[in-house]
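Residue numbers start from 1 in every chain, and the chains themselves are labelled A, B, ... in the order their sequence lines are given, proteins ahead of strands.
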There are 2 protein chains.
Amino acid sequence: MKETAQLLREKGLKVTPQRIAVYNMLLGTTAHPNAEMIYKTLESTNPTMSLATVYKTLDFFKQLGLVQELNVGESSSRYDAVVRCHPHTVCRICGRVDDLHIDALTEVARKLVPDLDFDVECEQLILYGICKECQEK
Amino acid sequence: MKETAQLLREKGLKVTPQRIAVYNMLLGTTAHPNAEMIYKTLESTNPTMSLATVYKTLDFFKQLGLVQELNVGESSSRYDAVVRCHPHTVCRICGRVDDLHIDALTEVARKLVPDLDFDVECEQLILYGICKECQEK
DNA sequence: CTCAGTGCAAACCCTTTGCACAGGA
DNA sequence: TCCTGTGCAAAGGGTTTGCACTGAG
């Protein structure tokens, strides 16, 4: 994708096939993959890609604010190209992680917080439970 | 503490000095320590205690619902003897983790959720930001 | 041409596991 | 006594690092 290359270039970064591949992969999914999943997905199209590069690239994007790291209690981190704070649901049966597009939660959290002696930069809401598919089984 | 021993006994568990020590340590702190911190704290009073036992004990308590595992994005998990779902603040400067006793947040989250095809069992809200002490520096 | 990015393997950290011994019930 | 819990050391999984090579600018 051309846009990704341009985005990186604008930020003054070197544009490499690996970086483009990782970022595009994240843009094209809502599955909140971890490094391993990203690596496996890109393996076929980018045969020389290494897992270490995936980690380095993700870390790099994170510093730049292009990518968000998400920790839902698993052993490995998941990644999201949507960097705006937003709530997630995590199914404890199948493990799927979904976005919740309910701004109200974030707004309420923000309103209740000013009384605290705490300067909130980002609020992370995770709902643990059972997803629709797993309920039906 | 006698209560801890009794609590364990009621649940039909063996009462060992290690289990009592770990549970009491968690009851007596609001610092949300990780396994390493618990181990270091107990080292002086329980010289034979091993880190592996701390892990095993914490895992055991978790299964029993006596302790809650908390993941705030660090490499290691933190633990809390308060098992009721409640929000936390995490300072990105000093790393301290504090409890937030604002039920309203949880209630709002619950109210907004029924429309979803998702059966929520526990909502976890983490506010990332800067604590009072770190703001003052 | 230069220097940052990549790929590999080794190192690293946190956590779990296997196994013999110790100590609660 | 019996069996579970403990402690040690080794293994395990995810992530990071060191270093020589590659390739983008």
Would you kindly give the [atom1]-to-[atom2] distance between [X] and [N], to the nearest whole Å?
| X | N | atom1 | atom2 | answer |
| --- | --- | --- | --- | --- |
| B:Tyr79 | C:dC14 | OH | P | 13 Å |
| B:Glu36 | C:dT16 | CD | P | 14 Å |
| B:Arg9 | D:dT4 | CZ | C1' | 16 Å |
| B:Leu13 | D:dC3 | CG | P | 18 Å |
| B:Ile20 | D:dG5 | CD1 | C1' | 13 Å |
| B:Lys14 | D:dT4 | NZ | P | 7 Å |
| B:Gln18 | C:dA22 | CD | C1' | 10 Å |
| A:Asn46 | C:dT6 | CG | P | 11 Å |

Legend entry - Side-chain ion pair, A:Asp59 and A:Lys62, N-O less than 4.0 Å: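 Yes.
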Legend entry - Salt bridge A:Arg78-A:Asp80, side-chain N to carboxylate O under 4.0 Å: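 Not counted as a salt bridge, because no side-chain N and carboxylate O are separated by less than 4.0 Å.
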Legend entry - Connected-component partners of B:Ile93 among ILVMFWY, side-chain separation under 4.5 Å: B:Ile130
Inset, instruction - First locate atom CE of B:Met25, then atom OG1 of B:Thr41, and finally report the distance between them rounded to the nearest 0.5 Å. - result: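 B:Met25 CE to B:Thr41 OG1: 3.5 Å, rounded to 0.5 Å.
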Legend entry - Spacing of CG belonging to A:Asp99 relative to NE2 belonging to A:His86, to within rounding of 0.5 Å: 3.5 Å
Legend entry - Candidate nucleotides D:dG14, D:dT6, C:dG5, ranked by approach to the side chain of B:Thr16 - the nearest: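 Output: D:dT6.
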Inset, instruction - Strictly below 4.0 Å, heavy-atom distances to any atom of DNA chain C: list the hits from residues 47-59 of chain A, or just say none. - result: A:Thr48, A:Met49, A:Ser50, A:Ala52, A:Thr53, A:Lys56
Legend entry - Residue closer to the 5' end of DNA chain C, A:Phe60 versus B:Ser77 (nearest nucleotide):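 In this pair, the answer is A:Phe60.
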Legend entry - Donor-acceptor contact present, side-chain A:Arg19 to main-chain A:Lys14, <3.5 Å: yes
